[in-house]
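These notes concern the structure reproduced below.
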Number of protein chains: 2
Amino acid sequence: MLSASVSLPVYLQISELLTREIAAGLYAAGDRLPPEAELAKTLGVAVGTLRKALSELELRGMLARRQGSGTYVLPAGMGQSKSVYEFFKLELIRGGGLPTARVIDFQKIATPAAFQTDLSKHCYRLRRLRLLSDTPIALEEIYFDAQSHPHLKAADLGEALYWFYQERLGFWIASAEDRVGVGVVPDWSVQDFAPAVASVCARVERVSRTSKNKIAEYSITWFDAKRCRYVNRLK
Amino acid sequence: MLSASVSLPVYLQISELLTREIAAGLYAAGDRLPPEAELAKTLGVAVGTLRKALSELELRGMLARRQGSGTYVLPAGMGQSKSVYEFFKLELIRGGGLPTARVIDFQKIATPAAFQTDLSKHCYRLRRLRLLSDTPIALEEIYFDAQSHPHLKAADLGEALYWFYQERLGFWIASAEDRVGVGVVPDWSVQDFAPAVASVCARVERVSRTSKNKIAEYSITWFDAKRCRYVNRLK
DNA sequence: AGGAATTTGTGCGTATGTATC
DNA sequence: AGATACATACGCACAAATTCC
């Protein structure tokens, strides 16, 4: 079950396993997990490896660990349960709208020079059309590392990409930096997406980072400024 | 020097030590630290212990670690200190820039219809040219209520408007909401501000609120997307 | 182009300290 | 006081990525 060579590191496989087991209700909020030594033995890993997995989940706010006492399951979403759409910042000018996405293209490519300092040699490039309440409002181009999962297909991706990152790639987006300016619609644009004039197309560059401050993805979004806006709530 | 029993765990002592050394300039941003094995030896600890210390600093965003390459010092994060410019989101494309402002016009006017639900009958309208390191990059139009101070003149305003609000008007900005899109440069534009073409002008609408959730000001900013961008750091 | 050397990442096992029960 | 459980620390072996010759 737990194999090192196939895909994810063992300690991440364990985080995922425990995440699923907690989600499935095998451990409820408030429960104490078995002691490290015991859990490590049943999982067939060294204690140190298990500890690394548990630390991950503690950092994520799923577990609380108390020396001398034990490891406890925390109630879901104590300020943690971030919506998958938390980082989606586009809004129809008339307000609201339910975000969806349609894949235009998905390929594994050689990492472009601009990203080579932060991504490994190969990365995935995902191109999507974004919609708000069925209105096409933006084109999106996303680059993320191919290293951990070298053989992804378009079908493996769900609509909620950040959820996919967490479940399948073992990391989650903790922060991002957006740069909003103006741009020209890319040449791979589709018929559905047609800003009235080139002059009303805005452009967002995003760098997303994981909780470890590593770069998780680069993305560029072109949006039709006639129909929607980039919204930012500052506190 | 590094003692376990006295106070902090050794790995934390090391994090602190390295933090001080980086702050002191012994290691500059971009520098590579000595390899783990070497550093551990000079510090007289096991590699695992050192690694834990380095992981701490990586998590804090002070270091970046790259497998096969080394451990690097990152530039000091600017996310820490809050300033009057905390809500100023424009940045030169080439990076950074010191924000200043030049008043173009300041008048007391009848409140425009669009703001009448939130501002009283009269308000001030301030028009400014914004600069980053002496480069004109944006026009700004700000509306705020005239009720509390009915007789302001342009000379009463400082460059740092938010500071002025707090000192003279008795409130401070606690939150804001920005909507970024694309727009046309207003007719009161000045010679200094000349985006190459209309197509590279972006537009930010802002609603700022006080700590009591009352609307403090409305503003519109037109910025030259060729020279600068709207930057948003999300956590 | 390719291979060796370097450097961090992962994983194992163990011993000891310290907080809790 | 004793048992239990997590925290810290040490050391080693190998994998994976990068760098350099």
Side-chain angles (χ1 to χ4, degrees), chain A residues 1-16 18 31-59 63-73 110-111 115-123 145-150 169-171 210 212-215, chain B residues 1-16 18 31-59 63-74:
Chain A
M1 174 176 53
L2 300 174
S3 52
S5 57
V6 181
S7 55
L8 252 53
V10 174
Y11 76 93
L12 283 180
Q13 292 182 43
I14 294 178
S15 322
E16 280 200 60
L18 290 174
D31 282 2
R32 187 177 65 186
L33 295 186
E36 290 178 348
E38 187 185 325
L39 201 47
K41 199 176 169 192
T42 54
L43 291 171
V45 298
V47 181
T49 305
L50 175 66
R51 284 180 59 79
K52 206 164 174 182
L54 294 175
S55 300
E56 281 284 321
L57 298 181
E58 185 185 23
L59 200 69
L63 298 178
R65 322 189 64 207
R66 286 207 295 280
Q67 185 176 170
S69 178
T71 303
Y72 299 86
V73 178
T111 300
F115 309 145
Q116 274 175 7
T117 41
D118 300 299
L119 303 183
S120 67
K121 213 158 281 178
H122 292 277
C123 68
D145 209 293
Q147 188 174 302
S148 59
H149 260 238
L169 303 188
F171 65 83
T210 69
K212 287 179 182 168
N213 218 34
K214 288 208 174 246
I215 290 182
Chain B
M1 174 176 56
L2 299 174
S3 54
S5 59
V6 181
S7 54
L8 252 52
V10 174
Y11 77 94
L12 284 180
Q13 292 181 46
I14 294 178
S15 315
E16 301 295 319
L18 289 174
D31 282 2
R32 188 175 67 184
L33 296 186
E36 291 177 346
E38 186 184 326
L39 200 49
K41 198 177 171 191
T42 55
L43 291 169
V45 297
V47 180
T49 305
L50 174 66
R51 284 180 58 81
K52 201 162 178 180
L54 295 176
S55 299
E56 278 288 316
L57 299 181
E58 183 185 22
L59 204 65
L63 297 179
R65 323 189 63 209
R66 286 209 297 277
Q67 186 177 166
S69 179
T71 303
Y72 299 84
V73 178
L74 290 179

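By convention in this document, chain letters (A, B, ...) are assigned in the order of the sequence lines, proteins followed by strands, and residues within each chain are numbered from 1. From a predicted model like this one, the values you see are computed outputs, not experimental measurements.
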Provide, to the nearest angstrom, the distance between the [atom1] atom belonging to [X] and the [atom2] atom belonging to [N].
X      : N      : atom1 : atom2 : answer
B/L63  : C/dT7  : CG    : P     : 17 Å
A/K41  : D/dA5  : NZ    : P     : 14 Å
A/D145 : D/dA16 : CG    : C1'   : 13 Å
A/Q116 : D/dA17 : CD    : P     : 15 Å
A/E56  : C/dG9  : CD    : P     : 13 Å
B/R32  : C/dT8  : CZ    : C1'   : 11 Å
B/L54  : C/dT8  : CG    : C1'   : 10 Å
A/L50  : C/dT10 : CG    : P     : 16 Å

Please compare A/A46 and A/G68 by the position of their nearest nucleotide in DNA chain C and report the one closer to 5'. A/A46
For [X] and [N], is the shortest distance between a side-chain N/O and OP1 or OP2 below 4.0 Å?
X     : N      : result
A/Y11 : C/dT10 : yes
A/T71 : D/dC6  : yes
A/R65 : D/dA5  : no

Taking A/D145 for the side chain and A/S120 for the main chain, is one N or O donor matched with an acceptor at less than 3.5 Å? yes
Checking the side chain of B/T49 only, and the main-chain atoms of B/Y11 only, is there a donor and an acceptor separated by less than 3.5 Å? no
NA contact type, [X], heavy-atom cut-off 4.0 Å: base, sugar-phosphate, or nothing?
X     : result
A/K52 : sugar-phosphate
A/G48 : nothing
B/R66 : sugar-phosphate

Choose from [options] the nucleotide whose nearest atom is closest to any side-chain atom of [X].
X     : options                : value
B/R51 : C/dG13, C/dT20, C/dT10 : C/dT10
B/Q67 : C/dG11, D/dC6, D/dA15  : D/dA15
B/S69 : C/dC12, D/dT18, C/dT20 : D/dT18
A/T49 : D/dC6, C/dC12, D/dA9   : C/dC12
A/E36 : D/dA7, D/dT8, C/dT8    : D/dA7

Find the distance between [atom1] ([X]) and [atom2] ([Y]) and round it off to the nearest 0.5 Å.
X      : Y      : atom1 : atom2 : answer
A/T117 : A/I215 : OG1   : CD1   : 7.0 Å
B/L59  : A/T210 : CG    : OG1   : 9.0 Å
A/L18  : A/L63  : CG    : CG    : 7.0 Å

